[in-house]
*Asks:* 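First, the structure itself, so that you have it in front of you.
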Amino acid sequence: MSAPTEPTVTTTEELSKEQEIFNARLKKAEELRSRGVNPYGNGYEVPHTTGEVTSALGALATSEEVEKASGSYTLAGRVLANRTFGKAAFLKLRDRDGDLQVWVKKDVLGDQAFELYKLADLGDIIRVQGTCTRTKTGELTLLARELQLLTKSLRPLPEKWHGLSDIETRCRQRYLDLIVTPGVKETFVKRFKIVRGIQRFLDERGFIEVETPTLHKPEEAGGAAARPFQTHHNALDLELKLRIATELHLKRLVVGGFDRVYEIGRIWRNEGIDRRHNPEFTTIEFYWAYATYEDLMRLTEGMLETLAREVTGSTTVSFQGQAIDFTAPFPRVSMVDQVAKQLGLSREETLAGKGLKEAIAKAAAGETDRELTAILEHAATKATAGEMIARAFEAVGEPKLPKDRPAFVTDFPIEVSPLARKRDCDPRVTDRFELFCAGMELANAFSELNDPLDQRQRFERQVELAREGDAEAMPYDEDFVRALEHGMPPTAGEGIGIDRLAMILTDSASIRDVVLFPLLRPVPKGTAGKPPGGDQAG
RNA sequence: GCGCCGUUAGCUCAGUCGGUAGAGCACCGGCCUUUUAAGCCGAGGGCCGCCGGUUCAAUUCCGGCACGGCGCACCA
C-alpha cells in the first residue's frame with residue numbers, strides 16, 4: 001500500500017527507468033517539504049472550473065475582448081502537458097469539465113512561485129489563479145498569477161500522443177485510461193446519463209425504485225437460466241449464491257402492493273467472458289401491475305427513443321458503422337412464424353412439432369454456414385417442440401432480424417419461458433418478447449405468470465431438468481409460489497441489460513468499454529503497481 | 001474448453017534469414033518569456049512475458065506455460 005518513505009538505497013546503475021523517475025519525483029516532494037510546501041496538502045478552495053471559463057469567454061475572439069471580460073479564476077486539476085521556455089511555460093490543465101491552457105510567466109508569477117512551479121511534473125495536481133487572455137495562436141489561456149502544487153505524482157503518465165492502447169493495461173489501470181484515452185470518461189458519463197434517464201422515465205410514470213438482496217439462499221437463486229456464483233456466510237454457516245436476476249423478489253413486492261416497482265442492480269452469472277459478457281453486470285428490471293407485455297413494448301419503445309435522444313442527441317444511433325433507428329414503433333417478429341416460414345412448415349405444424357425435427361435436420365443439411373449448421377443440428381436434439389423452435393430461431397431467425405432497427409421477437413414457446421404467462425388463446429406460447437438490437441439480446445419481458453398452480457408445475461419441470469443435468473435450470477422457490485398464492489395482480493415485467501444498452505448508445509464494441517473494472521485474470525507475479533525498491537518497500 | 005494472433009525501454013512501436021537490440025514520446029542535463037505532439041544540443045534507460053529444448057551461441061528456431069486480443073462454444 002505505502003510507497004517507500006526514503007529514496008531507495010539502490011545505486012543509479014541498478015534502477016529501472018520507472019524507479020528512477022519515482023525516486024526523482026520523491027526527491028522533488030522532499031524538496032517541496034523543505035520549502036514549507038506539503039506535496040499532499042489539502043483545504044484549498046477551488047471556486048471555478050475550466051468549463052465555466054470556456055463558457056464565459058470561449059465566444060470572445062480577440063485577446064483584448066477576453067482580457068476585458070475576464071474575471072479572476074481559480075482552478076485546480078492535473079497537468080497533462082508542460083511546454084517550457086526557460087522563464088515561461090504553457091501547461092495543459094484538466095479538471096472535471098475539461099482542459100484549459102495555463103500560461104506560466106516568471107515575471108507574472110514571481111521568482112519564488114516560479115521556482116516551485118519548476119518542481120512540478122506531468123501528472124501533478126496543481127491549483128492556479130489568474131485572468132484569461134488569448135495567445136498569439138488564438139487559444140484561450142489562463143495567465144497564472146498564483147500557482148500551488150496540491151498533489152505530487154510519483155509515476156509517469158503514458159505517452160501523450162498514442163496514449164494507452166494495450167487493452168489489458170487500460171482495464172487493469174483504468175485510472176490511467178481515463179486520463180489519457182480520449183472518450184473513455186465521456187463513455188462512462190453517458191452510462192451515468194442512461195441510468196439517470198431510465199430512473200427519470202420510470203419515476204415520471206409512478207414507479208418506485210427498490211433494492212432487494214444480492215445474496216440468495218440456494219432456492220432463491222432463480223429468475224433466469226444461468227449458473228450462479230457460490231459463497232458462504234460464516235456466522236449463519238449458510239450456503240449462499242449471488243443473485244442471477246432480481247425478478248422473483250420484485251414480484252414478491254408486487255404482491256406486497258408495489259404496483260410499479262423497479263430495481264437497477266448488479267447481478268452475477270458464472271459464465272464465460274467475451275465481448276458481450278462480463279460475469280457481473282447490471283440490469284434494470286421493472287414490474288407494472290395491470291399492464292401486459294403489449295404495454296411493455298410501447299413503454300420500451302418510448303424509453304429507448306428518449307434515451308437515444310438524451311444520450312446521443314439523435315434517435316438514430318451509429319453503432320460500429322451501422323445506423324440504428326430508435327424511432328418508435330419497433331418492428332415485431334414472431335419467433336414461431338419465422339421458424340415455420342424458414343422451415344417450410346405451417347405455424348400449427350411447427351407448434352405441434354409435426355415434422356419439425358425432420359425439417360430442422362433438412363435445413364441443417366442444406367445450410368452452408370458451419371456455425372448455423374451446428375446450431376440447427378443441436379436444435380434437432382431437443383426434447384420438445386418449444387425448445388427446438390427457440391433453438392432453431394437462433395439459426396434461421398436472428399440473422400434475418402433488421403440491422404437498422406431494434407426488433408421485438410414475440411411468440412416464445414412455453415418450454416423456454418418458465419416464469420411467463422401462457423397465452424390465453426394458445427397455451428403453447430407465452431405473452432413474452434425479447435428486444436434484439438445490434439445482434440444482441442437487449443431486453444426480455446413478459447406478462448407475468450401469476451397462477452400459483454401453473455407456477456408450481458413450471459418449477460417442477462425445472463427441478464426435473466436440473467436432475468437431468470441442466471446446470472442452468474431454476475431451483476424451486478417455494479416462498480415465491482407462496483407469495484403468488486396470496487395473489488399477484490396481473491402484471492407485466494421486463495429486464496434490460498444496462499451494459500449492452502450502454503454499448504449501443506456509446507458505440508462501444510466491447511462490454512469491457514462500458515464496465516469500469518471488468519473482470520480479468522490476475523497477473524501471476526503482480527508486477528503491475530509494485531513500488532520500486534523491492535518487496536519490503538510495499 | 002477449442003482455433004488463430006500478440007507479449008521487445010515508463011508509453012507507442014520497429015528489428016534481429018541465430019552472434020544478447022533501435023526509433024518517437026516520456027525522463028535527466030543544457031539553451032529558450034506566445035507554445036499546440038513546441039524546438040535545438042547532450043546523456044541515461046532493456047531478465048526482448050516465463051520455463052525448457054536444439055545450438056559454440058537463442059530476444060530470434062522448436063516445445064510447454066502465463067496473460068491478453070479476436071472468433072467459436074456457453075450465455076444476457
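All of these numbers come straight from a predicted model, not from anything done at the bench. Every chain is numbered from 1 and lettered A, B, ... according to where its sequence line falls, protein lines coming before strand lines.
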*Asks:* For nucleotides 12-15 of chain B, give me every protein contact, N/O to N/O, under 3.5 Å, one pair per line with atom names.
*Replies:*
residue	atom	partner	partner atom	Å
B:rU12	OP1	A:S165	N	3.1
B:rU12	OP1	A:D166	N	3.2
B:rU12	O3'	A:S165	OG	3.1
B:rC13	OP1	A:S165	OG	3.3

*Asks:* Kindly point out which of B:rA37, B:rC32, B:rC74 is positioned nearest to the side chain of A:R391?
*Replies:* B:rC74
*Asks:* Could you list the residues that satisfy side chain to side chain donor-acceptor pair (under 3.5 Å) with A:T54, not counting sequence neighbours?
*Replies:* none
*Asks:* Counting side-chain heavy atoms from CB outward, which of B:rC70, B:rC27, B:rG10 is closest to A:R275?
*Replies:* B:rC70
*Asks:* Would you please name every residue forming a side chain to side chain donor-acceptor pair (under 3.5 Å) with A:R500, sequence neighbours left out?
*Replies:* A:H277
*Asks:* Just name whichever nucleotide pairs with B:rG24, Watson-Crick or G-U, keeping both distances under 3.5 Å, else none.
*Replies:* B:rC11
*Asks:* Check the interface with nucleotides 1-9 of chain B: list each N/O to N/O pair with the protein under 3.5 Å, or write none.
*Replies:*
none

*Asks:* Nearest whole Å is fine: how far is B:rC27 C1' from A:R155 CZ?
*Replies:* 15 Å
*Asks:* Using the test salt bridge (charged side-chain N to carboxylate O under 4.0 Å, His left out), find all partners of A:R512 that sit at least two apart in sequence or belong to another chain.
*Replies:* none
*Asks:* OP1 or OP2 of B:rC28 versus the side-chain N and O atoms of A:K28: is any pair under 4.0 Å?
*Replies:* yes
*Asks:* May A:F90 be described as stacking on the base of B:rU35, applying a 5.5 Å centroid limit and a 30° limit on plane angle?
*Replies:* yes
*Asks:* So which nucleotide from B:rC25, B:rU35, B:rC74 ends up closest to the side chain of A:H378?
*Replies:* B:rC74
*Asks:* Given B:rU33, B:rG69, B:rU35, which nucleotide is nearest the side-chain atoms of A:Q101?
*Replies:* B:rU35
*Asks:* With sequence neighbours left out, write down each residue that passes side chain to side chain donor-acceptor pair (under 3.5 Å) with A:E285, or none if nothing qualifies.
*Replies:* A:T246, A:Y287
*Asks:* Using the six-membered ring wherever Trp is involved, compare the ring planes of A:F114 and A:Y117 and label them parallel, tilted or perpendicular (cut-offs 30° and 60°).
*Replies:* tilted
*Asks:* Looking for any heavy atom pair under 4.0 Å, which part of the strands does A:K118 touch: base, sugar-phosphate only, or nothing?
*Replies:* nothing
*Asks:* For A:T151, enumerate each residue passing the side chain to side chain donor-acceptor pair (under 3.5 Å) test, keeping only those at least two apart in sequence or located in another chain.
*Replies:* none
*Asks:* The criterion is ring pair (Phe, Tyr, Trp, His ring centres under 6.0 Å); which residues satisfy it with A:F201, sequence neighbours excluded?
*Replies:* none
*Asks:* Closest to the A:R512 side chain: B:rU35, B:rC27, B:rC70?
*Replies:* B:rC70
*Asks:* Could you tell me whether the phosphate oxygens of B:rU35, OP1 or OP2, come under 4.0 Å of any side-chain nitrogen or oxygen in A:R83?
*Replies:* no
*Asks:* Expressed as a whole number of Å, how far does the C1' atom of B:rG39 sit from that of B:rU34?
*Replies:* 14 Å
*Asks:* Where the side chain of A:I167 is defined as all heavy atoms beyond and including C-beta, which of B:rG71, B:rG69, B:rG44 is the nearest nucleotide?
*Replies:* B:rG69
*Asks:* Take atom P in B:rU60 and the same atom in B:rG6, then report the distance between them in whole Å.
*Replies:* 14 Å
*Asks:* Would the number of heavy atoms belonging to other residues, nucleotides or ligands and lying under 6.0 Å from CD of A:E211 be above 12?
*Replies:* no
*Asks:* In whole Å, measure the gap between the P atoms of B:rA73 and B:rA14 for me.
*Replies:* 31 Å
*Asks:* Test: side-chain hydrogen bond (donor to acceptor under 3.5 Å, both in side chains). Region: residues 431-440 of chain A. Which pairs qualify, not counting sequence neighbours?
*Replies:* A:S417-A:R432, A:R423-A:D431, A:R432-A:E434, A:R432-A:N444
